[in-house]
J.: 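Let me give you the structure first, and then I'll get to my questions.
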Protein chains: 2
Amino acid sequence: MSRPAPTPAPGPGPAARTPTAATPTAATGRAPSPRGRRTARPSGDERELAILTTAERLLAEQPLTAISIDDLARGAGISRPTFYFYFASKDAVLLALLDRVIAQVNATARTVLDDVGSDPATHWRSAIRIFYETFREHRTVVVAAAALRGSHSEGRRLWAGVMNLWTGRTAAAIEAERARGAAPDGIPAHDLAVILNSTNERVLYGTLTGDGPAVPESTVVDSLATVWLRAIYGTTTPAGR
Amino acid sequence: MSRPAPTPAPGPGPAARTPTAATPTAATGRAPSPRGRRTARPSGDERELAILTTAERLLAEQPLTAISIDDLARGAGISRPTFYFYFASKDAVLLALLDRVIAQVNATARTVLDDVGSDPATHWRSAIRIFYETFREHRTVVVAAAALRGSHSEGRRLWAGVMNLWTGRTAAAIEAERARGAAPDGIPAHDLAVILNSTNERVLYGTLTGDGPAVPESTVVDSLATVWLRAIYGTTTPAGR
DNA sequence: CGAGCCAGTCAACGCGGTGTTGAGTGAAGG
DNA sequence: CCTTCACTCAACACCGCGTTGACTGGCTCG
């Protein structure tokens, strides 16, 4: 009964070490122990962080399903029941990890992409590059999260949120380009934005995991950028014969 | 010890009911009982089929992880140990299901797409439509298989095979179009093929599951076709300002 | 300063799912 | 008839999960 109540973020603890960087992100586990912990007793945060880094390390070698909670606990130097004091489940750990990645990609994107773009080509290209770099840097987490998405509703929701944000921005940018007469109509801007962002997600995933046919790392960004430009600015094709 | 030896396909049984339609597809489970069964004692095949249909039925309501082997066995009117006589694991069942879908999409595609195309636009469009129809018809299996792909190496391999086949065809068709001067260069044909097929996979998945931002069912095929045409035939963009 | 609270910890338990063993049964078939 | 072989299942061993309940040691407040 000493479990922390469903209070997500009580106040700024002394140490600035809080791992879950941004986004509200509800807890994962069914019932009992939601994510956060109340006070800032130092050892506590260290443990939480130890769990996260252990998870990231193990994920580099094996899929989430092959990692037991006991592995995570041992890796962090605690017992299995103690693990549950910090996280409600394995999934919750991965979700916390994913939170950090999402926060980073969003933050980076904001600093670079706020201007609509004097030169559209480089504008779109740099947006793609940011996605690529962040995915690449945290590939283990991203790959594991993609797997989670298939079976875990909370994971799906989280990912859907990210995609919504990005397709929203993309759609707005496309509409702006259309408004100034630079891009043709033909597909609703929102749908086109969904398609292009889906493309990035799937292609980058394939390139970074390397299963199935994939685009080589050295040229993914350029190839994707070319497809984006053609899809956004290209006319509906003469398709001659 | 009466378990069937690792013989995948011994000879054509009397009944033409063999469920695993095409592709060699090694067994899934770690060690003991690989997929097939030897002779054609009728009750045997019926059982195997009963398991498959039960799986497909249950998948319509719940994810694979929520389905226990006992559910499958009971649904087919057998006990749990007996289940293992037919399949090595839950995953093997899904893989068998997926085999059928793959065989169907490949077969359908072959009948429709063999000619290079008098009218490119409709050619590409009908290729996309076939994918869409088949995905749609077996959406539960496809969705479950996509989830499996994240954690199961055999599932990954199977899916990679399909994608290889399709990107190969697409790349060949693109190169043919380039050869006759109808399409420009700019991206290696193979890479473009990978990108476009990845796009289809991800977008159709999103549309059929409905999580995250998605393209409406009524227009997916058209929108995708437009993107394909622009990506294949569009020039590298004037991108003016 | 002593009482009490509270973050933090873990041995031990119960549960549900998995895969295996070993003993059967009944129909073909020599 | 007696063997063989496809097929079946009760019972078992095992593992990972999530929970309980008891314990500890530092902090705070009367």
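Below, chain A is the first sequence line, B the second, and so on; all start at residue 1. Every heavy atom of this structure was used, including side-chain atoms; hydrogens, water molecules and symmetry mates were not. Not measured: the values here are computed from a predicted model.
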J.: What's the separation between atom OG in B:Ser151 and atom CG in B:Asp91, rounded to the nearest 0.5 Å?
T.: 7.0 Å
J.: Between C1' on C:dG17 and CZ on B:Phe83, what's the gap in Å once rounded to a whole number?
T.: 13 Å
J.: How many whole angstroms separate atom CG of A:Asp91 from atom C1' of D:dG16?
T.: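 Distance check: A:Asp91 CG to D:dG16 C1' gives 14 Å.
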J.: Are any of the side-chain nitrogens in A:Glu133 or A:Arg136 under 4.0 Å away from the carboxylate oxygens of its partner?
T.: no
J.: Could you work out, with salt bridge (Lys or Arg N to Asp or Glu O under 4.0 Å) as the rule, every residue matching A:Asp71, not counting sequence neighbours?
T.: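 Partners of A:Asp71 under the salt bridge (Lys or Arg N to Asp or Glu O under 4.0 Å) test: none.
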J.: Quickly work out the A:Glu48 CD to C:dT9 P distance and round it to whole Å.
T.: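 Going from CD in A:Glu48 over to P in C:dT9 covers 11 Å.
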J.: Between P on C:dG22 and CZ on B:Phe85, what's the gap in Å once rounded to a whole number?
T.: 18 Å
J.: Could you verify whether a donor N or O on one side chain and an acceptor N or O on the other, from A:Trp159 and B:Asp211, lie under 3.5 Å apart?
T.: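 There is no such pair between these side chains.
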J.: Between atom CG in B:Asp45 and atom P in D:dA6, what is the gap in whole Å?
T.: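 Nearest whole value for this atom pair: 13 Å.
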J.: Does a nitrogen or oxygen in the side chain of B:Tyr84 sit under 4.0 Å from OP1 or OP2 of D:dC7?
T.: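 For B:Tyr84, the contact criterion (side-chain N or O under 4.0 Å from OP1 or OP2 of D:dC7) is not met.
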J.: Let me know the distance between OH of A:Tyr86 and P of D:dT19, rounded to the nearest Å.
T.: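 Between P of D:dT19 and OH of A:Tyr86: 17 Å.
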J.: Are any of the side-chain heavy atoms of A:Thr170 and A:Trp124 separated by less than 4.5 Å?
T.: yes
J.: At what distance, to the nearest 0.5 angstrom, does CZ of A:Arg57 lie from CD of A:Gln62?
T.: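 A:Arg57 CZ to A:Gln62 CD: 10.0 Å, rounded to 0.5 Å.
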J.: Which residues, if any, of residues 64-79 of chain B bring a heavy atom under 4.0 Å of DNA chain C?
T.: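 Under 4.0 Å from DNA chain C: B:Ser68, B:Ile69.
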J.: How many whole angstroms separate atom NZ of B:Lys90 from atom P of C:dG19?
T.: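 Atom NZ in B:Lys90 sits about 8 Å away from atom P in C:dG19.
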J.: Please report the distance, rounded to the nearest Å, between CZ in A:Phe87 and C1' in C:dT9.
T.: 17 Å
J.: On the side chain of B:Arg80, is there an atom forming a donor-acceptor pair with the base of C:dG19 - under 3.5 Å, no angle test?
T.: yes
